[in-house]
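Computed from heavy atoms alone, side chains included, the values below leave out hydrogens, waters and symmetry copies. This chain uses plain numbering: 1 for the first residue, then up along the sequence.
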Amino acid sequence: MYLEIAMLAYFVVLFLTIRDIRIFKRTGYLSYRKGALRGLAASSLVLLGAISVEAKPEIGLLIVLFGLVINRKGIREPVFTSAGTLDRFLGKTDYRKSNRLRRNDEKQK
């Protein structure tokens, strides 16, 4: 049972990380990039906890809990203007890059 709990937490963290990556690619907001990087670190820690659940369940679930605490996101910009529930769940946003990222892209050309 402990392994199932740990793996569910792992897949939730991975889903939220992929969602943050998708929102960052569509909007260019750096807070979503930071959230995606935190999600990668948290998913590594949760996976480590899931692996260690077999040896010591209490220690493994404690590591999973620390990974979930690390995954806590911060304040975000509002990106969902007219999206429904399913679109918000999947991270579907309007395509709008921030001015800062546009300037960096134009400099490279």
Partners of Leu45 by side-chain contact (heavy atoms from CB on, under 4.5 Å), sequence neighbours excluded?
Leu48, Ile63, Phe66, Ile70
Of Val12, Leu16, Leu40, Val46, which meets side chain to side chain contact (heavy atoms under 4.5 Å, CB included) against Asn71?
Leu16
So Leu3 and Glu54, do their side chains get closer than 4.5 Å, heavy atoms only?
yes
Under the side-chain contact (heavy atoms from CB on, under 4.5 Å) rule, collect the residues that match up with Glu77, sequence neighbours excluded.
Tyr29, Ser31, Tyr32
Nearest heavy-atom pair of Ala50 and Val64: which atoms, and what distance?
N-CG2, 3.9 Å
Counting heavy atoms not belonging to Arg33, are there more than 12 under 6.0 Å from its CZ?
no
Is there a path from Leu68 to Ile51 through hydrophobic residues (I, L, V, M, F, W, Y) whose side chains come within less than 4.5 Å of each other?
yes
Would you compute the distance between atom CG of Asp87 and atom CZ of Phe80 and round it to the nearest 0.5 angstrom?
8.5 Å
Counting C-beta onward and ignoring hydrogens, is there a side-chain heavy-atom pair between Glu4 and Met1 closer than 4.5 Å?
yes
Between Asp20 and Arg76, does at least one N-O distance fall below 4.0 Å, as a salt bridge requires?
yes
Side chains of Leu65 and Leu61, heavy atoms from C-beta outward: is any pair under 4.5 Å?
no
Which value, rounded to the nearest 0.5 Å, describes the distance between Thr93 atom OG1 and Arg19 atom CZ?
9.5 Å
Not counting sequence neighbours, which residues clear ring-ring contact (aromatic ring centres under 6.0 Å, His included) with Phe89? List them please.
Phe15
So do the side chains of Leu90 and Arg22 get within less than 4.5 Å of each other, counting heavy atoms only?
yes
Would you name the heavy atoms of Pro57 and Tyr2 that are closest together and state the gap between them?
CB-CD1, 3.4 Å
Ala6 to Val53 - nearest heavy-atom pair and separation
CB-CG2, 4.2 Å
Might you point out which heavy atoms bring Val13 and Gly39 nearest each other, and give the distance in Å?
CG1-O, 3.6 Å
Hydrophobic cluster membership, Leu30 vs Ile23, 4.5 Å side-chain cutoff:
yes
Hydrophobic cluster membership, with links at side-chain heavy-atom distances under 4.5 Å among I/L/V/M/F/W/Y: are Val79 and Leu37 in one?
no
Smallest separation among heavy atoms of Arg26 and Lys92, with atom names
NH1-CG, 4.2 Å
